[in-house]
J.: 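Can you read through this structure? Questions will come right after.
Lettering of chains follows the sequences in order, A, B, ..., and the numbering in each one begins at 1.
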Amino acid sequence: NAGVTQTPKFRVLKTGQSMTLLCAQDMNHEYMYWYRQDPGMGLRLIHYSVGEGTTAKGEVPDGYNVSRLKKQNFLLGLESAAPSQTSVYFCASSPYDRAKDNEQFFGPGTRLTVL
Amino acid sequence: AQSVTQPDIHITVSEGASLELRCNYSYGATPYLFWYVQSPGQGLQLLLKYFSGDTLVQGIKGFEAEFKRSQSSFNLRKPSVHWSDAAEYFCAVGASRSSASKIIFGSGTRLSIRP
């Protein structure tokens, strides 16, 4: 199993450009998450999904959109990139089982720079 | 609302010395607590978690943490650190057993190991 993978690993954008970050998991997990990590601020949740076709806003959703068309994929879109979106983006997934203690599994991250 | 405080931004300890990383949380009900580790350039890996039961929790890599409700703390400890423990450590609190709820991360503590 590859676990959680993220594409691309690095990207440089100019202000106003758009891009999509792809997250894929092969563990058949129900839940998927997008976080951003900034120095001194830990991880902040952008959006999450509790199943195929559903998404919800997290702590810092502005400027981002997401889609979960397939269970294994969770896409994060930036329609018009801004320098404030320079960050490291992490995707995570977790199973859903009320009887078990659930753990989030993280991808390796995407480092995005917006000039 | 949930919140997590990691008061130490950066800690340096000598190899072989003991380690304690502090974590204080704020939550009105019984919290679900986690410690994650992030090695340079990597995603986050779960070290240990507390949901209920014994307040001393054992994790991977020789780490343990103790939940103290009276102090709203969940400090991470290791009796003897190794150079490979150099990383960033994140404490996190969740509102329910299911990870579909938002997990709030602390700002992290960077651990350096002195040879």
J.: Applying side chain to side chain donor-acceptor pair (under 3.5 Å), run through A/Q72 and A/Q25 and close with a yes or a no.
T.: CA-CA 5 Å; A/Q72 64 268 32; A/Q25 52 95 4; over 6 Å; no
J.: Quick one: are B/F63 and B/D85 in side-chain contact, heavy atoms under 4.5 Å?
T.: yes
J.: Can you check whether anything in residues 105-115 of chain A gets within less than 4.5 Å of chain B, heavy-atom wise, and list it by number?
T.: A/F106, A/G107, A/P108
J.: Indicate whether the side chain of B/Y25 and that of B/S73 have a donor and an acceptor atom separated by less than 3.5 Å.
T.: no
J.: Considering residues, nucleotides and ligands other than A/E79, do more than 12 of their heavy atoms fall under 6.0 Å from its CD?
T.: no
J.: Counting the benzene-type ring for Trp, do B/F67 and B/Y50 have ring centres under 6.0 Å apart?
T.: yes
J.: With a strict 4.5 Å heavy-atom criterion, list every residue of residues 106-115 of chain B that contacts chain A, or say none.
T.: B/G106, B/S107
J.: Suppose a student defines contact as a heavy atom less than 4.5 Å from any heavy atom of chain A. Which residues in residues 7-15 of chain B would they list?
T.: none
J.: Has B/H82 got a side-chain atom pairing as donor or acceptor with B/S84's backbone, closer than 3.5 angstrom?
T.: yes
J.: Within the structure provided, determine whether A/Y64 and A/Y89 are in side-chain contact (heavy-atom separation under 4.5 Å).
T.: yes
J.: Using a 4.5 Å cut-off on heavy atoms from C-beta on, say whether the side chain of B/F90 contacts that of B/W35.
T.: no
J.: Quick one, B/C91 with B/V4, criterion side chain to side chain contact (heavy atoms under 4.5 Å, CB included). Give me CA distance, side-chain angles, the key distance, then yes/no.
T.: CA-CA 7 Å; B/C91 182; B/V4 180; 4.0 Å; yes
J.: Who else is in A/L75's hydrophobic cluster (ILVMFWY, side-chain heavy atoms under 4.5 Å, direct or via others)?
T.: A/L22
J.: Between B/Q45 and chain A, with a heavy-atom cut-off of 4.5 Å, which part of the residue counts as in contact: side chain, backbone, both or neither?
T.: neither
J.: On a heavy-atom basis, which atom in A/C91 and which in A/V4 lie closest, and how many Å separate them?
T.: O-CG1, 4.0 Å
J.: Identify which part of A/Q6 has an atom lying under 4.5 Å from any heavy atom of chain B, answering side chain, backbone, both or neither.
T.: neither
J.: Please tell me if the side chains of B/F34 and B/F51 come closer than 4.5 Å, counting only heavy atoms from C-beta onward.
T.: yes
J.: Taking all heavy atoms of B/V93 and all of B/S3, pick out the closest pair and write down the distance.
T.: CG1-O, 4.0 Å
J.: I'd like to check A/V60 versus A/R36 (side-chain heavy atoms, cut-off strictly below 4.5 Å). Are they in contact?
T.: yes
